[in-house]
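All remarks here apply to the structure that follows.
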Amino acid sequence: MSLDERYEPSAVEQAAQQYWDSHNTFTAHEDNAREKYYCLAMFPYPSGKLHMGHVRNYTITDVISRFQRMQGKHVLHPMGWDAFGLPAENAAIAHRVSPAQWTYSNIAYMKQQLQSLGLGVDWSREIATCKPEYYRWEQWLFTRLFQKGVIYRKSGTVNWDPVDQTVLANEQVIDGRGWRSGALIEKREIPMYYFRITDYADELLSSLDELPGWPEQVKTMQRNWIGKSRGMEVTFPFDADLKAAGLGEGLKVFTTRPDTLMGATYVAVAAEHPLATHAALNNAALTAFIHECKSGSVAEADIATAEKKGMATGLTVQHPFTGEALPVWVANYVLMNYGEGAVMAVPAHDERDFAFAQQYQLPIQPVIATSAGNTTPAPWQDAYAEHGTLINSGEFNGLTFESAFEAMEARLKARHLGQSRIQFRLRDWGISRQRFWGCPIPIIHCDSCGDVPVPEADLPVVLPEDVVPDGSGNPLNKLPGFFECACPACGKPARRETDTMDTFVESSWYFARYMSPQYQDGMIDPAAACYWQSVDQYVGGVEHAILHLLYARFFHKLMRDEGLLHSNEPFQRLLTQGMVIAETYYREATGGKKLWFNPADVTVERDSKGKPVGATLNSDGQPVIIGGIEKMSKSKNNGVDPQSLIDQYGADTARLFMMFAAPPEMSLEWSDSGVEGASRFLKRLWKQVVDHLAKATPAMLAADTLDDHQKALRRKTHETIAKVTDDYGRRHTFNTAIAAVMELSNDIGRFNDDSPQGLAVEREALESAVLLLSPIVPHITHSLWAALHPGTAAVDQSWPVLDEQALIRDSITLAVQINGKLRAQIDVPADADKAAVETLAQANENVQRFTAGKTLRKVILVPGKLINFVISD
RNA sequence: GCCCGGGUGGCGAAAUUGGUAGACGCAAGGGACUUAAAAUCCCUCGGUUGGAAACGACCGUACCGGUUCGAUUCCGGUCCCGGGCACCA
């Protein structure tokens with residue numbers, strides 16, 4: 001195939017994509033004869049159009065997939081759609097179109113966009129989670145887990161919008177108000193279904209150690225999230241009147257610091273705690289305070305940053321050892337669904353209790369000798385929370401944390417007032433959503449039989465696709481055709497559950513469905529599960545480091561325990577891609593609502609140093625407010641559309657630029673400049689191949705006949721192969737791989753040797769450059785390779801092989817330091833020993849100047865790098 | 001508030017295990033080619049400073065301190081920015 005003089009991306013890209021399509025290049029089959037490699041990108045939510053984060057994510061997995069393919073692996077690289085979710089309902093409300101229609105048309109558009117990127121994806125395995133073929137297996141698994149007791153029902157707290165009469169997501173609560181109604185949000189208790197993820201807490205924690213291919217950072221976040229701690233359950237006995245009121249024997253709390261028990265000066269309970277409810281019966285002020293605590297969102301960040309408030313109940317409980325009466329307070333920082341919904345407060349040794357005690361003049365009793373002293377004066381110091389020797393604790397004085405723990409436990413046990421316990425921060429996973437566009441929960445409520453799972457033969461429970469939500473509650477509640485049914489157990493009229501599942505459920509097992517996406521007889525084809533096992537490399541945004549990855553790990557274990565999968569962990573290696581972030585711009589509309597403007601529609605004014613001083617909207621020239629840099633998102637309207645980039649420069653330039661701009665794990669602040677450079681490089685490479693082909697036919701390369709100049713280029717070629725192979729395979733730093741090939745290309749450009757061996761060396765360098773770049777820019781390299789080797793395809797080539805012989809050098813350049821400061825550079829023979837290097841270095845004029853009249857203390861030689869003379873006066 | 005990251009030229013970044021800070025690219029300036037422009041090619045490009053030049057000196061990786069012959073890298077502290085916090089995905 002001959003090469004056009006000019007590089008025309010659109011023609012080149014079309015030709016390459018047609019070749020791959022017509023050869024089914026990326027279709028994956030189970031093939032036990034070959035080693036498999038399952039490479040997976042976190043699948044996209046079909047929000048409307050591709051954003052830069054998608055381009056980054058799928059280019060990374062494509063580069064890894066193509067690299068592994070050239071290494072001889074049998075690669076699975078699938079793609080699909082995380083298709084249920086809130087934005088579809090919002091679009092439905094805004095545009096009066098059904099969520100299904102909106103979602104399917106987005107999928108169609110985005111699929112065509114993804115295909116224009118030239119991804120080596122097996123599209124025959126495409127899935128969409130909103131299709132009954134997919135979610136029927138989710139419902140099937142749900143019914144099995146429900147029967148097994150892994151799923152159960154209890155009450156949970158949600159954000160309630162009293163005006164729209166609807167449950168709101170945390171995202172829809174802004175400054176404590178509903179985003180549409182503006183109404184003050186209330187917390188409300190409703191029944192929900194829960195997965196017993198806490199039953200797997202220990203394994204989710206311990207098997208993190210089996211994942212050396214995961215970033216330490218992510219494992220740390222997961223460990224902290226699961227939050228295993230050993231502590232003490234302590235009961236503070238009630239007085240007779242409380243016992244008489246039927247509230248039990250005492251107030252149960254959990255503490256990780258039982259050694260400070262003698263310093264407890266009050267106890268605090270959540271607003272929803274039965275003791276608070278009891279105390280409020282004849283106390284209007286307390287009733288009002290409890291009501292106030294129930295306003296605002298349920299988000300932990302809101303609760304934790306809210307002003308700490310409390311009110312005394314007038315009740316007391318007894319200290320378990322001293323019998324002292326401790327006041328009971330209601331506090332907004334105590335959470336009902338955390339531990340026992342009550343805490344013992346030790347202001348001397350807990351920062352939050354300390355602040356609370358200061359605010360309400362509660363006593364502070366130090367009971368630990370800390371490095372900050374034996375008192376706890378304001379302001380708070382971190383040292384107050386240290387472990388130390390017990391003081392002011394009667395019989396426990398002098399004990400350490402560990403011995404106090406044991407002594408306290410023995411004494412509590414003897415009085416039946418407590419015992420040690422392992423506590424997890426992790427809570428069971430509530431999956432009920434009062435929303436339409438999600439997978440229906442396959443449960444039927446029968447007055448006689450209770451909660452009955454839908455029998456397998458009646459699955460799937462199909463979500464109607466022609467419904468348009470209006471923003472007031474779940475439309476399924478208004479569809480008798482959906483919820484009216486007969487009890488599968490007794491046949492009496494019953495009501496179908498109308499809540500749908502958290503969309504995290506679909507994304508917790510899609511990686512397994514890709515193994516056999518069309519399989520009709522079960523969730524996964526056993527043969528496929530056997531071959532593909534688990535994902536070798538998973539790639540996705542770091543924002544999913546906790547929730548999605550934890551839920552997927554949990555589901556993998558659930559499915560393993562159902563006999564569906566045969567490994568312990570779903571993702572062997574994990575690459576967390578940094579976010580693509582961009583500046584945000586907004587104006588405040590009446591009522592404080594923010595209107596966000598896209599960076600493409602805004603002009604930024606800068607001062608002489610390049611710092612932004614203001615910004616105006618292009619359409620009206622009026623100023624907008626610069627809102628700070630944030631992750632590209634629909635809600636902040638700061639996404640940059642990659643389509644214009646692809647249209648203008650082609651997919652290869654877009655891919656190259658994305659990979660070159662930063663290493664994958666780093667967040668990438670978007671800027672338009674730099675794209676030009678990527679495009680320029682591809683044009684230059686194209687021209688180098690054109691020019692090379694116009695010259696005479698190269699001779700067979702005879703490596704041992706080369707002159708120094710030829711040897712140097714050949715060495716550069718093989719140094720580049722070594723570097724790029726390591727960058728792709730181990731480091732995943734595609735930016736430095738590209739830089740290395742650019743250096744090689746620069747050397748080729750400077751190499752001017754049209755002798756037969758010169759051309760042979762140049763040919764090897766060019767072929768290597770083309771293959772090394774092919775995972776990143778597969779289209780242009782497809783054309784270039786076809787021109788260099790007519791009748792063959794770059795995608796089917798094996799990875800370039802390193803020739804160690806080509807790397808050998810005769811002499812090397814060493815840095816010469818004096819007291820660690822660079823003073824000279826010398827060339828030494830590659831095989832010179834330390835003494836020879838020292839002699840050569842000391843002969844250097846600069847070295848003599850700096851060492852004259854000084855005493856040489858030490859010589860440090862780092863072979864191949866530097867020699868350092870340590871001197872003194 | 002809590003947990004996890006990040007901060008290096010005008011800009012994106014590199015320096016992989018403690019060993020030559022700024023590779024590679026963008027922008028900018030100068031030059032060649034051109035009637036001109038675009039494109040392309042060549043040169044300069046962290047700061048201060050000495051020198052006619054060749055070539056040097058000092059400072060410099062957010063800030064303060066420490067360990068080391070040597071620190072962008074390790075340790076302690078501070079500031080700023082980003083992500084997550086269980087109903088955005």
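What you see is a predicted model; the values in this text were computed from it and never measured. Computed over heavy atoms, backbone and side chain alike; hydrogens, waters and symmetry mates excluded. Reminder, nothing fancy here: chain letters follow the sequence lines and each chain counts from 1.
Among the heavy atoms of the strands lying under 4.0 Å from A:Gln217 are primed sugar atoms or P, OP1, OP2 only; no base atom is included. Residue A:Leu550 is classed as having no contact, given no heavy-atom separation below 4.0 Å to the nucleic acid. Across all strands shown, A:Val859 has no heavy atoms under 4.0 Å from either base or sugar-phosphate atoms. Within 4.0 Å (heavy atoms only), A:Ile860 reaches at least one base atom of the nucleic acid. A:Met666 comes within 4.0 angstrom of the backbone, heavy atoms only, and of no base. At a threshold of 4.0 angstrom between heavy atoms, the contacts of A:Gln434 include nucleobase atoms, whether or not backbone atoms are also involved. Note on A:His548: nothing from the nucleic acid sits closer than 4.0 angstrom, heavy atoms only. Note on A:Thr503: only backbone sugar-phosphate atoms sit closer than 4.0 angstrom, heavy atoms only; bases stay farther off. A:Val158 comes within 4.0 angstrom of a base, heavy atoms only. Residue A:Ala299 is in sugar-phosphate contact alone, with no base atom involved, counting any heavy-atom pair closer than 4.0 Å across all strands shown. Within 4.0 Å (heavy atoms only), A:Ala661 reaches sugar-phosphate atoms of the nucleic acid but no base atom. Contacts of A:Lys821 with the nucleic acid, taken as non-hydrogen atoms under 4.0 Å apart, involve only primed sugar atoms and P, OP1 or OP2. Residue A:Thr305 is in base contact, counting any heavy-atom pair closer than 4.0 Å across all strands shown. Looking at heavy-atom distances under 4.0 Å, A:Phe660 makes contact with a base.
Taking the P atoms as reference points, B:G19 lies 35 Å from B:C2, given to the whole Å. The gap from the C1' atom of B:C26 to that of B:A36 amounts to 27 Å, rounded to the nearest Å. Between B:U73 and B:G22, the two C1' atoms lie 15 Å apart (nearest whole Å). The gap from the P atom of B:G9 to that of B:G84 amounts to 27 Å, rounded to the nearest Å. A distance of about 48 Å separates the P atoms of B:A39 and B:C79, rounded to the whole Å. Taking atom P in both B:C41 and B:C24, one finds a spacing of 15 Å when rounded to whole Å.
A donor-acceptor contact under 3.5 Å is formed by the side chain of A:Asn868 with the base of B:C69. The base of B:U16 sits within donor-acceptor range of the side chain of A:Lys723, with an N or O pair under 3.5 Å. A donor-acceptor contact under 3.5 angstrom links the side-chain atoms of A:Gln817 to the base of B:G19. For a distance-only test at 3.5 Å, the side chain of A:Arg730 qualifies as a donor-acceptor partner of the base of B:U16.
What separates CG of A:Leu685 from P of B:U40 is a distance of 15 Å, to the nearest Å. The separation between A:Phe84 atom CZ and B:C88 atom P is 17 Å, rounded to whole Å. Per the geometry, CE belonging to A:Met42 stands 13 Å off C1' belonging to B:G83, to the nearest Å. Counting to the nearest Å, the P atom of B:A14 and the CG atom of A:Asp727 are 11 Å from each other. The CZ atom of A:Phe681 sits 10 Å away from the C1' atom of B:C24 (whole-angstrom rounding). A straight line from CG of A:Leu668 to C1' of B:G25 spans 14 Å, rounded to a whole angstrom. For A:Lys683 and B:G25, the NZ to C1' distance is 15 Å, given to the nearest whole Å. The nearest whole Å value for the distance from the CH2 atom in A:Trp437 to the P atom in B:A89 is 13 Å.
Side-chain contact check for A:Ile226 versus A:Leu550: some heavy-atom pair is nearer than 4.5 Å. Contact check for A:Cys130 versus A:Trp437: side-chain heavy atoms found under the 4.5 Å cut-off.
At least one donor-acceptor pair closer than 3.5 Å links the side chain of A:Gln222 to the backbone N or O of A:Ala545.
Side-chain N/O atoms of A:Arg823 include none lying less than 4.0 angstrom from OP1 or OP2 on B:U20. Residue A:Arg731 places no side-chain N or O under 4.0 Å from the OP1 or OP2 atom of B:A14.
Environment of NZ in A:Lys865: sparse, with no more than 12 heavy atoms of neighbouring residues, nucleotides or ligands closer than 6.0 Å. Heavy-atom contacts from other residues, nucleotides or ligands closer than 6.0 Å to NZ of A:Lys308 number more than 12.
Using Watson-Crick or G-U wobble geometry with both donor-acceptor distances under 3.5 Å, B:G1 finds its partner in B:C85. Within the shown strands, B:A57 is the pairing partner of B:U48 under the Watson-Crick or G-U definition, both distances less than 3.5 Å. With both pairing distances under 3.5 Å, B:U40 is matched to B:A32 as a Watson-Crick or G-U wobble pair. Remark: B:C24 base-pairs with B:G12. Criterion, Watson-Crick or G-U wobble with two distances under 3.5 Å.
When each of B:A89, B:A57, B:G25 is scored by its nearest atom to the side-chain atoms of A:Phe850, the top-ranked nucleotide is B:A57. Residue A:Arg680 has its side chain nearest to B:A27 when only B:A27, B:C69, B:G25 are considered. Side chain of A:Met221, nearest nucleotide from B:G83, B:G1, B:U20: B:G83. Proximity note for A:Lys865 (side chain, C-beta onward) versus B:G83, B:C69, B:G19: the nearest is B:G19. Of the candidates B:A89, B:A14, B:G25, B:A14 carries the atom nearest the A:Asn735 side chain, counting heavy atoms from C-beta on. When distances run from any side-chain atom of A:Leu547 to the nucleotides B:A14, B:A21, B:C85, the shortest one goes to B:C85. The side chain of A:Tyr551 has B:A86 as its nearest neighbour among B:A86, B:C4, B:G19. Nearest to the side chain of A:Glu676, among B:A27, B:A89, B:A13, sits B:A27. Taking the side chain of A:Trp225 as heavy atoms from C-beta on, and the options B:C85, B:A14, B:G12, the nearest nucleotide is B:C85. Comparing B:C3, B:C69, B:G25 against the side chain of A:Val870 picks out B:C69 as the nearest.
For B:G5, the base adopts the anti conformation, since its glycosidic angle falls more than 90 degrees from zero.
In this pair, A:Trp429 and A:Phe555 present their aromatic rings perpendicular. The plane angle is above 60°, beyond the 30 to 60° band. The aromatic rings of A:Phe356 and A:Tyr333 stand perpendicular to each other, their planes meeting at an angle above 60°, with 30° marking the opposite boundary. Ring planes of A:Trp686 and A:Tyr7: tilted class, angle from 30 to 60°.
Counted by atom type alone, A:Ser155 and A:Glu189 present one or more donor-acceptor pairs between their side chains at under 3.5 Å.
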Please test A:Ser872 against A:Arg857 for side-chain hydrogen bond (donor to acceptor under 3.5 Å, both in side chains), starting from the C-alpha separation and ending with a verdict.
CA-CA 7 Å; A:Ser872 62; A:Arg857 298 280 176 204; 2.6 Å; yes
